[in-house]
Amino acid sequence: MTRRTEWPDGPGRPERPDRPDSGAPSLSRAEQGPPPGPEEQARAICLRLLTGTPRTRQQLADALRARGIPDDAAQEVLSRFEDAGLIDDAAFAGAWVESRHHSRGLARRALARELRTKGVDSALIDDAVGQLDSDQEERTAHELVERKLRATRGLDREKRIRRLAGMLARKGYSEGLALRVVRRALEEEGEDPELLEHHLPDL
């Protein structure tokens with residue numbers, strides 16, 4: 001019967017061979033390839049940001065700068081995206097005006113202010129807000145006041161006028177237009193025009 005030899009712990013104990021790594025061998029840095037350059041990074045960032053959400057050139061430029069992309073690489077990629085029609089500030093501005101006017105009732109002044117914060121060129125802003133004429137603005141303002149009238153019933157006349165006109169002012173309507181629309185809405189509701197004259201002279 002063969003006797004099993006037990007080796008004592010210590011320096012005399014033979015070393016066990018290294019066990020093979022059960023995982024896949026890791027690729028060396030050379031095998032992984034060079035890291036992406038700044039233009040490739042900029043392209044990937046822009047594509048990700050544009051997925052499902054149109055953005056202006058300035059918005060994308062700001063995003064690239066925040067991620068440390070050099071300006072020359074960023075501008076090169078942004079220009080290529082413009083040439084391909086993936087960035088179109090004019091189309092962005094037009095769609096923004098249409099959407100925000102119909103969904104929020106914003107006036108031209110408020111819409112222009114929003115587009116400026118997104119870096120849209122002034123000429124493009126003028127063209128976009130030019131879609132709305134004065135008659136359309138007044139119709140929208142009147143609809144906004146009509147929706148708000150019920151919530152102001154029970155308030156005294158002066159406070160009611162301030163609340164309705166203030167709502168229109170926050171949406172970018174001029175003071176003259178706001179007061180004119182409020183007066184007309186209150187008259188249509190049945191307010192005495194002579195009593196309104198004290199608070200709202202004919203505008």
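Because only heavy atoms are used, hydrogens play no part in the values below, and waters and symmetry mates are left out as well, while side chains stay in.
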- Is a side-chain N or O of Ser79 found less than 3.5 angstrom from the main chain of Gln75, in a donor-acceptor match? yes
- Message: Under a 4.0 Å threshold between the charged nitrogen and the carboxylate oxygen, would Arg80 count as salt-bridged to Glu76?
- Response: yes
- Minimum-distance pair of heavy atoms, taken over all atoms of Lys159 and Asp156: N-OD1, 2.9 Å
- Message: Distance check, rounded to the nearest 0.5 Å: Leu78 atom CG versus Asp83 atom CG?
- Response: 11.0 Å
- How far apart are the closest heavy atoms of Ala112 and Val129, and which atoms are they? N-CG1, 4.1 Å
- Task: Heavy atoms only: give me the nearest Tyr173-Gly105 pair and the separation to one decimal.
- Result: OH-O, 2.8 Å
- Item | Value rounded to 0.5 Å, distance of CG in Leu115 from CD in Gln58 | 13.5 Å
- I would like to know whether Leu144 and Leu164 meet side chain to side chain contact (heavy atoms under 4.5 Å, CB included); could you show each step before the answer? CA-CA 9 Å; Leu144 290 169; Leu164 293 169; over 6 Å; no
- Item | Same apolar cluster: Leu132 and Leu168, side chain cutoff 4.5 Å | no
- Message: Is any side-chain heavy atom of Lys148 closer than 4.5 Å to one of Val145?
- Response: no
- Query: If every non-hydrogen atom of Ile69 is compared with every non-hydrogen atom of Ala42, which pair is closest and at what distance?
  - Reply: CG2-CB, 3.9 Å
- From CG (Leu106) to CD (Glu137), nearest 0.5 Å: 10.0 Å
- Query: Any link between Leu177 and Met167 through a network of hydrophobic side chains (Ile, Leu, Val, Met, Phe, Trp, Tyr) touching at under 4.5 Å?
  - Reply: yes
- Task: Give a yes or no answer on whether the side chain of Lys171 reaches the backbone of Ala110 with a donor-acceptor pair at less than 3.5 Å.
- Result: no
- Item | Over 12 non-hydrogen atoms of neighbours within 6.0 angstrom of CD in Glu98 | no
- Distance-minimising heavy-atom pair for Arg108 and Ser134: NH2-OG, 3.3 Å
- Kindly indicate whether the side chain of Leu124, heavy atoms from C-beta on, has any atom under 4.5 Å from the side chain of Asp121. yes
- Please tell me if the side chains of His101 and Gln136 come closer than 4.5 Å, counting only heavy atoms from C-beta onward. yes
- Message: Main chain of Val120, side chain of Thr56: is a donor-acceptor contact present, judged purely on distance under 3.5 Å?
- Response: no
- Task: Answer yes or no: are there more than 12 heavy-atom neighbours, outside Arg104 itself, under 6.0 Å from its atom CZ?
- Result: no
- Mark yes when over 12 heavy atoms from residues, nucleotides or ligands other than Arg150 sit less than 6.0 Å from its CZ; otherwise mark no. no
- Between Arg109 (side chain) and Gly172 (backbone), is there a donor-acceptor pair under 3.5 Å? yes
- Taking the side chain from Arg160 and the backbone from Leu149, do they hold a donor-acceptor pair closer than 3.5 Å? yes
- Please answer: with hydrophobic residues joined when any side-chain heavy atoms are less than 4.5 Å apart, are Leu86 and Trp96 in the same cluster? no
- Query: Between Glu187 and Arg183, does at least one N-O distance fall below 4.0 Å, as a salt bridge requires?
  - Reply: yes
- Task: Hey, could you give me the CG/CG distance between Leu64 and Asp62, rounded to the nearest 0.5 Å?
- Result: 9.0 Å
- Query: Does a side chain donor of either Glu188 or His142 reach within less than 3.5 Å of an acceptor in the other side chain?
  - Reply: yes
- Query: Glu189 pairs by salt bridge (Lys or Arg N to Asp or Glu O under 4.0 Å) with which of Arg157, Arg153, Arg184?
  - Reply: Arg153
- Item | Donor-acceptor under 3.5 Å (Arg57 side chain, Glu82 main chain) | no
- Query: Can you check whether Leu47's main-chain N or O pairs, donor with acceptor, with Thr51's side chain at less than 3.5 Å?
  - Reply: yes
- Are any of the side-chain heavy atoms of Arg180 and Glu138 separated by less than 4.5 Å? yes
- Task: State yes or no: do Leu111 and Phe92 share one hydrophobic cluster built from I, L, V, M, F, W and Y residues joined by side-chain heavy-atom distances below 4.5 Å, directly or via other members?
- Result: yes
- Item | Non-hydrogen atoms of Leu49 and Ala63 that approach each other most closely | CD1-CB, 3.5 Å
- Query: Is the shortest side-chain N to carboxylate O distance from Arg43 to Glu39 below 4.0 Å?
  - Reply: no
- Query: Atom CD of Gln59 and atom CG of Asp89: how far apart are they, to the nearest 0.5 Å?
  - Reply: 8.5 Å
- Query: Heavy-atom distance under 4.5 Å between the side chains of Ile161 and Leu186, does that happen here?
  - Reply: yes
